[in-house]
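Data first, discussion second: the structure below is written as structure tokens.
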Amino acid sequence: MLDKTFDPKAVETRQSERWDSAEIGKPAGNGAPFTVMMPPPNVTGSLHVGHALNHTLQDVIVRYRRMKKDRVLWQPGTDHAGIATQMIVERQLAAEGKSRRDFTRDEFIERIWKWKAESGGAIVNQLHRLGTSPDWSRERFTMDEGLSDAVRKVFVRLYKQGLIYRDKRLVNWDPKLHTAISDLEVEAKPHKGSLWHLRYAIAGEPDRVLVVATTRPETMLGDTAVAVNPEDERYKDLIGKHAILQLVGRLLPIVGDEHADPETGSGAVKITPAHDFNDFEVARRHGLELINVFDSNAHLNDNVPERFQGMERYAARKAILAELEELGVIEKVEPHDHTLPTGDRSGVTIEPWLTDQWYVDAATLAKPAIAAVEDGRTRFVPVQWEKTYFEWLRNIQPWCISRQLWWGHRIPAWYGPDQTIFVEETETEALAAAKAHYGHDVELVRDNDVLDTWFSSALWPFSTLGWPEQTPELTQHYPTDLLVTSFDIIFFWVARMMMMGLHFMDDVPFKRVYIHALVRDEHGQKMSKTKGNVIDPLVIIEKFGADALRFTLTALTAQGRDIRLSEQRVEGYRNFATKLWNAARFCQMNECHPVPGFDPGSVKLAVNRWAVGELALTAGKVADALDNLRFSEAALGIYQFAWGTFCDWYLEFTKPLLAAGGEGAVETRATTAWLLDQILLLLHPTMPFLTEELYEKLGDRGGHLLATSEWPEFGEALVDAAAKEEIDWLVRLISAIRSTKSDINVSAVVPLILKDAGDASIRRLNDYRGLIERMARVDTANALGEAPTGGAARIALDEMTVVLPLAGAIDFAVESARLNKELKRLEGEIDRIDKKLGNEQFVARAPEEVIAEQREKRAEYAAAADKVRGALEMLA
RNA sequence: GGGCGCGUAGCUCAGCGGGAGAGCACUUCCUUGACAUGGAAGGGGUCACAGGUUCAAUCCCUGUCGCGCCCACCA
């Protein structure tokens with residue numbers, strides 16, 4: 001016998017172990033391949049609710065496809081997360097009073113690997129708790145040997161194809177982490193700053209001054225020009241002359257450039273080509289000098305007057321403003337709201353800085369990636385994300401892929417004595433190439449930088465399948481079928497996988513991309529550690545069970561809206577698990593055991609024919625929802641059937657049939673067991689633990705659910721229109737009786753029931769209502785043998801048998817309920833029209849005939865309402 | 001400055017061209033045997049607002065208001 005309640009903890013541990021030993025994640029069978037690439041979580045990560053959502057959705061689909069007998073591969077793994085991981089270990093060192101610089105590069109990397117071995121796998125274990133079922137035996141890490149090999153090959157090929165190159169240009173420099181970062185890793189943070197208006201003297205024009213506005217006075221030391229708009233009448237004549245930068249005694253050419261907007265500031269703008277992306281372009285156009293004034297810490301370097309050298313950037317600002325003040329050239333200072341570029345990892349303000357870095361020619365790689373979505377080889381769900389994707393790819397900038405870190409894939413480039421670059425997969429090959437180039441052996445120095453983490457993740461869909469080897473997995477599982485991820489990494493990851501996949505595999509990496517919502521906190525804020533508003537899925541699992549969490553996340557996943565997770569919701573769905581558990585318990589107590597070879601098409605009783613038909617419809621609905629990635633629809637569909645149809649109606653209808661015994665009971669037992677089984681199967685993708693446990697306990701099927709069952713598919717054949725009509729009628733009838741609570745009905749019916757019963761246990765009048773409900777069910781169940789005609793029905797309730805002329809009462813109940821409803825609707829309409837006619841705006845703006853029409857409608861409704869009232873009175 | 005999305009019951013949210021829904025909360029009742037993590041009944045909604053299209057609009061179109069997010073080099 002099953003326990004009285006479902007105990008998730010015990011079940012989850014046990015079933016997890018069963019699944020692991022059965023290796024349910026391994027691709028099995030000869031079905032069509034179905035492949036899903038797990039977005040590799042950072043090794044530094046710990047399970048947050050976003051992972052929980054992401055992996056639940058994938059697991060739902062993957063389990064569903066396995067039940068459909070596809071050959072499913074769900075490829076798991078973790079990402080080495082360059083900066084994040086290095087930061088963790090550096091923080092550990094800092095706690096010991098050391099820094100990365102106290103170690104050699106190799107020692108430091110050794111230390112990170114050690115950290116990974118000890119605590120890098122936490123997230124994988126946590127995913128286990130959720131019941132996720134990827135093929136753990138194929139788990140990969142972006143820095144493991146095979147994937148690193150793929151990274152080197154890709155880098156070398158792209159370099160030789162001219163799609164990777166080294167360039168000196170402005171990068172986003174993080175002065176705290178001492179590395180370049182890509183545009184995507186820069187966040188614009190709002191900042192309340194000041195705008196300083198400064199007067200510049202003009203060389204040879206003692207009477208003129210030029211006012212220039214800036215938010216960053218400290219960069220003045222690197223100014224090499226002032227730009228004005230060539231169309232700007234105020235300054236046109238100054239073009240070609242020079243402004244005087246008094247601080248350093250430098251002459252700044254005044255150039256005419258479109259970049260200067262006459263509407264903004266004073267219309268004249270200072271040009272600092274080495275520290276501003278726009279100014280850099282201006283300098284290119286006008287051949288201006290570039291003066292770099294910062295070192296890697298964003299402290300002033302030797303290119304500035306000695307008194308400023310070594311100053312931190314904000315200290316320098318103060319010092320410079322003080323001097324300007326003294327010079328009396330500050331025209332005015334305005335408060336100024338703007339945004340500051342901020343490093344997403346370090347949180348410090350990013351400095352545009354002139355360095356040599358490696359770049360990917362993203363614009364070229366983007367073209368096929370755009371085309372593939374345009375022609376539908378890859379589809380986004382929901383489709384509106386395609387717009388975001390296109391927008392970004394069509395305006396894509398070169399991708400800066402080098403990072404001045406130690407943890408990551410070291411760039412396979414070597415420099416000769418004269419700085420000639422040799423890009424090869426190994427040092428040996430580089431040396432050979434150098435020998436060929438120079439004609440003799442030379443010493444090479446390897447590039448110190450590592451690659452952006454996203455470079456290796458971009459290869460994930462084929463590198464994990466064994467590329468560059470032509471493995472059977474690669475042939476069979478690429479392109480993959482589905483990628484499930486959230487919108488915030490469409491650019492970081494999805495777009496780049498598209499580019500790399502198309503370039504190296506000549507096909508899209510995935511046919512569908514499902515973009516799910518972000519899980520937010522109760523205020524709709526993105527959850528983050530710094531805000532301290534994180535809901536820990538492990539705590540939820542502990543409290544309500546993994547199934548309840550999974551079901552909640554699935555039920556809340558509708559398109560186009562973020563998820564605000566509440567614990568109450570999880571609690572509600574935990575109750576659903578309990579409900580189902582108890583339904584199973586009921587089946588067990590009533591000896592409703594699965595009958596081998598049971599044919600749902602063969603049942604005879606109307607109630608059973610109805611139930612199997614409803615189940616078939618539900619199965620179709622759920623499958624359709626899952627096929628189209630409408631997760632909430634799938635979850636709620638099965639919920640509704642299991643609780644609303646099966647528990648609330650079917651089990652109640654059939655209680656008397658079971659009690660009566662005979663052939664009807666035999667058929668009903670078999671049907672009940674079968675229905676419960678089908679519910680378990682339909683629910684399995686969302687609630688794997690509960691369903692697996694019940695499946696195991698309710699029958700001996702010789703193995704776990706995925707191995708020994710199939711997804712229920714019945715088509716329309718099981719739907720018996722006559723049975724459906726009959727039982728639906730009963731359901732409506734009973735509902736109508738229930739909802740008719742007027743004294744007349746209760747008092748009209750109850751005495752009839754009680755006349756011959758005299759049951760001493762019924763004491764209070766309020767009991768009557770419960771009795772009616774019960775009776776109605778007994779009645780209908782008994783009536784199932786013969787078509788309910790609305791005539792006198794036999795009522796059996798325990799030992800008491802009452803014959804009563806229910807028909808009149810029932811008809812009355814139904815009719816009055818209908819009329820009441822109709823009346824309510826009509827009165828609502830009248831109200832609505834009255835409000836409309838009372839609305840000044842409407843009366844003022846609507847044409848005469850529209851108003852007349854409304855008046856007419858009102859009269860019609862009023863007349864109809866009167867009729868209904870009359871009918872109700874007659875009934876009474 | 002562009003783009004996307006959202007405003008449906010007290011709260012969190014599904015839904016959608018023809019009967020306004022779920023979970024939780026609330027009110028009343030129910031220890032009869034699957035389940036009080038339950039059962040039954042009920043209250044509560046001009047589906048943000050205003051126009052338009054339609055026989056019919058919460059749903060489609062336009063505008064307004066409010067909210068959120070993404071992208072963007074404006075001193």
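We use all heavy atoms of the structure for the numbers below, so side chains are in, but hydrogens, waters and symmetry mates are not. Fair warning: this is a prediction, and the values are worked out from it, not measured in the lab. Numbers restart at 1 for each chain; the letters A, B, ... are given by sequence-line order, proteins then strands.
Partner assigned to B:rG17 is none, using Watson-Crick or G-U wobble distances below 3.5 angstrom. Of all nucleotides present, only B:rU12 satisfies the Watson-Crick or G-U wobble test against B:rA22, with each distance under 3.5 Å. Using N1 to N3 plus N6-O4 or O6-N4 for Watson-Crick, or N1-O2 and O6-N3 for G-U wobble, each under 3.5 Å, B:rU64 pairs with B:rA48. Base-pair partner of B:rU54: not found among the strands shown (Watson-Crick or G-U wobble, both distances under 3.5 Å). Taking a pair to require two hydrogen-bonding distances under 3.5 Å in either a Watson-Crick or a G-U wobble arrangement, B:rA36 remains unpaired. Base pairing analysis places B:rC69 opposite B:rG3; the two distances defining the Watson-Crick or G-U wobble pair are each below 3.5 Å.
Separation of the P atoms belonging to B:rC13 and B:rG68 is 14 Å when rounded to the nearest angstrom. For the P atoms, the distance linking B:rU31 with B:rU46 amounts to 37 Å, nearest Å. Nucleotides B:rA25 and B:rU32, compared at atom P, are 23 Å apart to the nearest Å.
Within the 4.0 angstrom heavy-atom criterion, only backbone atoms of the sugar-phosphate kind lie near A:Ser632; the bases stay farther away. A:Trp643 comes within contact range of the sugar-phosphate backbone alone, with a heavy-atom separation under 4.0 Å but no base atom that close.
You'll find a donor-acceptor pair under 3.5 Å spanning the side chain of A:Lys579 and the base of B:rC35, going by distance alone.
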